[in-house]
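Just so it is clear, the structure is predicted and the values come from calculations on it, not from any experiment.
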Amino acid sequence: MRLTRFSDIGLRVLIYLSRAGERRAPVTVAEIASQFDIPVNHMVKVVGHLARVGWIQATRGRNGGIRLCVDASVLKIGTVLRELEGDAELADCEGQGCRLKQDCRLRDALKVGQHAIYDAMNAYTLMDITKGTTGEQIVRMHRSFQSQSSQV
């Protein structure tokens, strides 16, 4: 199983906000996009989805930005992946016109495996992922961005 770009970006946004959001001012979409070299239009789509789910708060305007609005110690990574990836089948049995689709056990096995990955990832919270050096790196990235922005 490979994560979609959408899920990858979503995880990065949540990870970044979990530590960079420790300041008063919200983080901008442009900041995160530049930190991870992601096109802003992709970032906007992901941020919109995360806001609709209720994991982040997005405010428009001059003093706007995004903030994490869930407790990082509670938000499970498997839950995030299930929301962003969905439960679409790993194999496209219908689209392939496979003659085995009526009696194939692979389809069921893949579904079991997919759910097992989500369940295994639920052993980790957003806080678990951003502890230690990962969190320290995010703080450094954020500070670097702020100092570059203030010099402009």
Side-chain angles (χ1 to χ4, degrees), residues 1-95 106-150:
M1 181 174 159
R2 184 181 187 124
L3 293 182
T4 61
R5 182 80 168 134
F6 190 83
S7 295
D8 180 37
I9 294 169
L11 286 169
R12 290 173 195 242
V13 168
L14 293 171
I15 288 168
Y16 194 85
L17 290 176
S18 73
R19 292 302 296 267
E22 294 171 359
R23 66 182 178 130
R24 289 189 181 119
V27 174
T28 65
V29 169
E31 175 180 345
I32 300 175
S34 70
Q35 293 288 19
F36 293 112
D37 196 26
I38 298 169
V40 173
N41 61 333
H42 291 345
M43 185 68 65
V44 168
K45 291 175 188 173
V46 174
V47 164
H49 187 87
L50 295 174
R52 282 189 297 281
V53 173
W55 293 332
I56 65 170
Q57 177 187 25
T59 307
R60 292 181 179 222
R62 186 170 187 227
N63 296 319
I66 54 178
R67 295 177 190 268
L68 189 66
C69 63
V70 294
D71 185 346
S73 67
V74 176
L75 185 57
K76 304 277 188 182
I77 299 301
T79 300
V80 172
L81 289 174
R82 187 181 303 271
E83 173 62 36
L84 298 176
E85 288 286 320
D87 280 324
E89 292 191 30
L90 297 177
D92 182 15
C93 298
E94 301 300 324
L106 176 62
R107 192 179 203 175
D108 292 332
L110 288 171
K111 188 172 288 266
V112 168
Q114 182 179 24
H115 291 289
I117 290 170
Y118 292 150
D119 291 343
M121 293 309 298
N122 270 337
Y124 302 94
T125 65
L126 184 57
M127 182 178 278
D128 294 332
I129 301 300
T130 59
K131 284 182 184 175
T133 57
T134 301
E136 292 166 9
Q137 178 63 23
I138 292 167
V139 171
R140 284 191 298 273
M141 290 166 64
H142 181 62
R143 287 183 184 148
S144 173
F145 182 85
Q146 283 182 310
S147 68
Q148 289 172 4
S149 297
S150 64

Problem - Heavy-atom check, side chain of Trp55 versus side chain of Thr79, under 4.5 Å - result: yes
Practice task
Supply the atom-to-atom distance Glu83 CD to Leu50 CG, rounded to the nearest 0.5 angstrom.
Solution key: 8.5 Å
Practice task
Establish, from distance only, whether the side-chain atoms of Tyr118 and Glu85 form a donor-acceptor pair under 3.5 Å.
Solution key: no
Practice task
For Ser7 and Leu84, work out which heavy atoms get closest and say how close.
Solution key: OG-CB, 3.3 Å
Problem - N/O donor-acceptor pair under 3.5 Å between Arg19 side chain and Thr130 backbone - result: yes
Practice task
Enter the distance from Phe145:CZ to Glu31:CD here, rounded to the nearest 0.5 Å.
Solution key: 4.5 Å
Handout entry: Point-to-point distance, once rounded to the nearest 0.5 Å, from CD1 of Ile66 to CG of Leu17
Key = 4.5 Å
Practice task
Would you indicate whether the side-chain heavy atoms of Leu14 and Ile56 approach each other to under 4.5 Å?
Solution key: yes
Completion exercise
Partner of Leu75 under side chain to side chain contact (heavy atoms under 4.5 Å, CB included), picked from Ile129, Val70, Thr125, is Val70
Problem - Shortest non-hydrogen contact between Val47 and Ala58, atoms and distance - result: CG1-CB, 4.5 Å
Problem - Approximate separation, where rounding is to 0.5 Å, of Ile32 CD1 and Asp37 CG - result: 14.0 Å
Handout entry: Rounded distance [0.5 Å steps], CD in Gln114 versus CZ in Arg82
Key = 8.0 Å
Problem - Cys69 to Gly54 - nearest heavy-atom pair and separation - result: SG-O, 3.2 Å
Practice task
Taking the side chain as every heavy atom from C-beta outward, state whether Leu11 and Leu81 have any pair of such atoms under 4.5 Å apart.
Solution key: yes
Problem - Distance-only donor-acceptor check, side chains Gln35 and His142, under 3.5 Å - result: no
Exercise for the section: Give a yes or no on this: more than 12 heavy atoms of other residues, nucleotides or ligands lie within 6.0 Å of atom CZ of Arg143. Expected result: no
Problem - Check: Arg140 main-chain N/O paired with Ser144 side-chain donor or acceptor under 3.5 Å - result: no
Problem - Side-chain ion pair, Arg5 and Asp8, N-O less than 4.0 Å - result: yes
Problem - Residue pair Leu68 / Leu126, side-chain heavy-atom distance below 4.5 Å - result: yes
Exercise for the section: Taking the side chain as every heavy atom from C-beta outward, state whether Arg12 and Val46 have any atom pair closer than 4.5 Å. Expected result: no
Exercise for the section: Measure the NZ-NE2 distance between Lys45 and His49 for me, rounded to the nearest 0.5 Å. Expected result: 13.5 Å
Exercise for the section: Begin with the C-alpha distance, continue with both residues' side-chain angles, and end with the deciding distance and a verdict on side-chain contact (heavy atoms from CB on, under 4.5 Å) for Val44 and Val29. Expected result: CA-CA 7 Å; Val44 168; Val29 169; 4.1 Å; yes
Handout entry: Salt-bridge contact Asp128-Lys76 (side-chain N to carboxylate O under 4.0 Å)
Key = no
Handout entry: Thr28 versus Gly64, closest heavy-atom pair with distance
Key = CG2-O, 4.3 Å
